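Every chain is numbered from 1, with letters handed out A, B, ... down the list of sequences. Since this is a predicted model, take the numbers as computed values, not measurements.
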Amino acid sequence: MTDYISQLNPRQREAVLYGDGPLLIFAGAGSGKTRVLTYRVARLIQEGVDPYHIIAITFTNKAAREMRERISAITPFGDQVWVSTFHSACTRILRRDITALGYKSGFSIYDAQDSERLLKLCIREENLDDKNYPPAGIANTISAQKNRLIGPEEFESAAGSDFRLGNIANIYTRYRQKLKDNNALDFDDIIMLTVKLFTENEDIRNRYQQRFRYVLVDEYQDTNHAQYMLVSLLAGHFKNLCVVGDDDQSIYGWRGADIENILRFTADYPNAKTITLDQNYRSTQTILDAANLVISGNQHRAPKSLWTDNDQGVPIRVYYARDERDEGLFVTQAIKYACDRGAKYNDFAVLYRGNAQSRAVEEQLILAGIPYRLFGGVRFYERMEVKDILAYLKAIDNPADDLACRRIINVPRRGIGDTTITRIANFAAERGISFTAALAEDIPGITKKTREKLAEFSVFLSDWTKLAETAPPFDLLRQILADTQYLESLNDGTPEAQTRIDNVQELLTKAKEFETQAQDTSLTNFLNEVGLVADIDNYQEGAQAVSLMTLHSAKGLEFNRVFIVGMEEYTFPSARSVLSETPKEIEEERRLCYVGFTRARQRLYLSHATMRMRNGQRMLCAPSRFLKEVPTEYMEPVNAHGRPKSVVRSRARDNVPSSVIKKARTGPAPFLRDMHTPIMPAYKAKPTPLIGKSILEPTSVATSVADDCPFAIGDMVRDPRFGRGVVIAISANGADHELTIDFPNIGRKKRLAKLFKIMKVGAD
DNA sequence: TTTGCACGGGTTTTT
DNA sequence: CCCGTGCAAA
């Protein structure tokens, strides 16, 4: 038990042994953070703290599970410690105490999709157009408010006389009311309401403060304001708060995470102890140096630099692909090459900025017969068929859940259409009863035939509800499937039919598993479990497959060899962040890059493509600025097999005197310079006459101004606002290029070339 | 009420 | 390109 202490380095040991009071641990990537956290918990128990008084909070279920296992492995009674995510901890608290807020304990949990549906109904009821008030955007706005603990009232007064914001405030009000009527909570409510519970009820707050005398929080840099408040409240009495994090790995700013939370910890708790773990045990010297250099480009950060005793390792391999297909091919070939020489498939991860990028890589992997696991994208519990079945369970578990009931009332088809549903909803609203309750009523305007169908459905529903009282979720599910013929209805001859059926079967399997594993086998608890899982929670290290995931999902994981694909401006950093031109957004992208680099133990491969399909249009791409922030000496250009490209390498080495290579630390890598100009003249200017309109002849030829401009005079381009047009002039406008484009139906417009929305159109 | 088709608009990251 | 939406026809 005490033996493990000797394996720690002095800083780690200090963090584990430090006594009561606030403690901030800055833990760089790969610095043994989880180990310190688990040992600290073990240490507390060893010193006589009752495990009952300890709570450790993580962001993912996977992290929680891992920590729970590790604590249990080294400490007796370790399994009594609450180790859970913010969301599941709060759900547990709310199930017990939410009645104090006027909700019922059997609440449903709505995921992003559900909330958006509900929001859509709200927007319609406010008589607003969902073109001007796109549900997704409104959802973001409302979510941002909730993350900052701002309710509709406060939001409305902040909106002042702003018409649009006023409308959004109304939507927000209605949305909150509807959630409450449905006895449902969205993801943000789970946190926000727990905070509310604690602020408004002193006795409840005291109870939890007394219970959780030791609070540990992982990934503290990713907490948003609501989570910050929650932690402050929980630890408010004993102040035995230990937070672990790394400001350089804060990548959830867009979701409301506030990097300031960790940066001002010592201001919040003036007697806090700060310990920095900066020895990296994971990566090679080369990878770490590159990561350090990239992240040092950020202004707003606590200055620090990771170091390691590990070997120098091999240079970072950079591949310059023709397009995304070629890039996928490179990944595949390099994996194959390495696996022929002893590497294993599970050594590899392919990371990318956006889920859409996975496809090109997948295609090549499939072609080559390399097994892979894909994380993210459409998650299991977000699949249409899975959500349908879960909606049945939700409707049974929580009769107030109108949204769930509306979802399934005509799935599979029962001949109950939109008009009927609206009639029921209106009727229910008038009478102030739930949608489900209204089913059994005599509703004016509904034909006899439809009424029979409704009655039939209603009988089923009450039968199931009865069954649910005694039978476990698995049996209930089977009954529902038998009664509704749902599986049969999936078999519609589409290519996805079998997958869908498999998914439902998979859900049955999960239900069976749940039945044997969970202590509380109630339907509510089942829905709880499935509602709060993320894809990454299912990651298993042993599986012999290549992992594909976004950079975001990769946080907290490590691999022997990591590919980061799509290292291009407008892809990574994302178009959004580049166009926003706010340093804050670019800095977050840079942190993401840092996270990506530091996932790799031994080898890092970076690739970028000259052109890429975007919205069905080919686009030219420039190499990512992050590539240029890594000095040449750390990089090595490779060919499509992932082998060093001798020609380019020798050129880079021969042409550039060593003094310049040293200097290149600050400038772009010499061989990257060539990459600005696409090698493939796929978009040679081809002035094509437009129909029914004469175009100014491009009399003058492009001058040198436009050397690195991706457009040339005569190019046919497409602008989302004005449609097709032809470039008739290019001029410099500061550092940018200004295009003069002749749009046949609009006339001439000047636009900046950097607005990526202008795209070349192939002359087909 | 359902189905099929044409159209337009969007598109990061996720507990 | 892929999706959801709106509309017309059965």
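Atom name P, nucleotides C/dG4 and B/dT13: the rounded distance is 16 Å, in whole Å.
Computed from coordinates, the A/Leu185 CG to B/dT15 C1' distance equals 14 Å when rounded to whole Å. The nearest whole Å value for the distance from the CG atom in A/Leu374 to the C1' atom in B/dT13 is 15 Å. When rounded to the nearest whole Å, the span between NZ of A/Lys555 and P of B/dT15 equals 11 Å. What separates NE2 of A/His87 from P of B/dT15 is a distance of 9 Å, to the nearest Å. Distance CG (A/Leu230) to C1' (B/dT15): 14 Å, rounded to an integer number of Å. In this structure, A/Glu116 places its CD atom 13 Å from C1' of B/dT14, rounding to the nearest Å. Atom-to-atom, CG of A/Asn355 to P of B/dT13 comes out at 5 Å; the value is rounded to the nearest Å. Between A/Asn140 atom CG and B/dG10 atom C1' the separation is 14 Å, expressed in whole Å.
With sequence neighbours excluded, the residues forming a salt bridge (charged side-chain N to carboxylate O under 4.0 Å, His left out) with A/Glu385 are A/Arg500, listed by chain and number. In this structure A/Arg148 satisfies the salt bridge (charged side-chain N to carboxylate O under 4.0 Å, His left out) test with no other residue, sequence neighbours excluded. Residues forming a side-chain contact (heavy atoms from CB on, under 4.5 Å) with A/Ala321 (at least two apart in sequence, or on another chain): A/Tyr319, A/Asp326, A/Glu327, A/Ala609. A/Glu588 is linked by a salt bridge (charged side-chain N to carboxylate O under 4.0 Å, His left out) to A/Arg591, counting only residues two or more places apart in sequence or in another chain. Checked against salt bridge (charged side-chain N to carboxylate O under 4.0 Å, His left out), A/Glu126 has the following partners two or more places apart in sequence or in another chain: A/Arg174.
Phosphate contact (OP1/OP2 of B/dT14, side-chain N/O of A/Thr550, threshold under 4.0 Å): present. For the OP1/OP2 pair of B/dT15 and a distance below 4.0 Å, the side-chain nitrogens and oxygens of A/Thr60 include no atom meeting the criterion.
For A/Arg95 and A/Phe107, the positive end sits near the middle of the six-membered ring, less than 6.0 Å away and at most 45° from its axis.
Counting non-hydrogen atoms under 4.0 angstrom, A/Arg359 reaches the backbone sugars and phosphates but no base.
Across all their heavy atoms, A/Leu351 and A/Ala554 have their closest contact at CD2-CB, 3.8 Å.
Nucleotides of DNA chain C that come within less than 4.0 Å of any heavy atom of chain A span, from the 5' end to the 3' end, C/dC1 to C/dT5.
In this pair, A/Phe86 does not lay its aromatic ring on the base of B/dT15; centres under 5.5 Å and planes under 30 degrees do not both hold.
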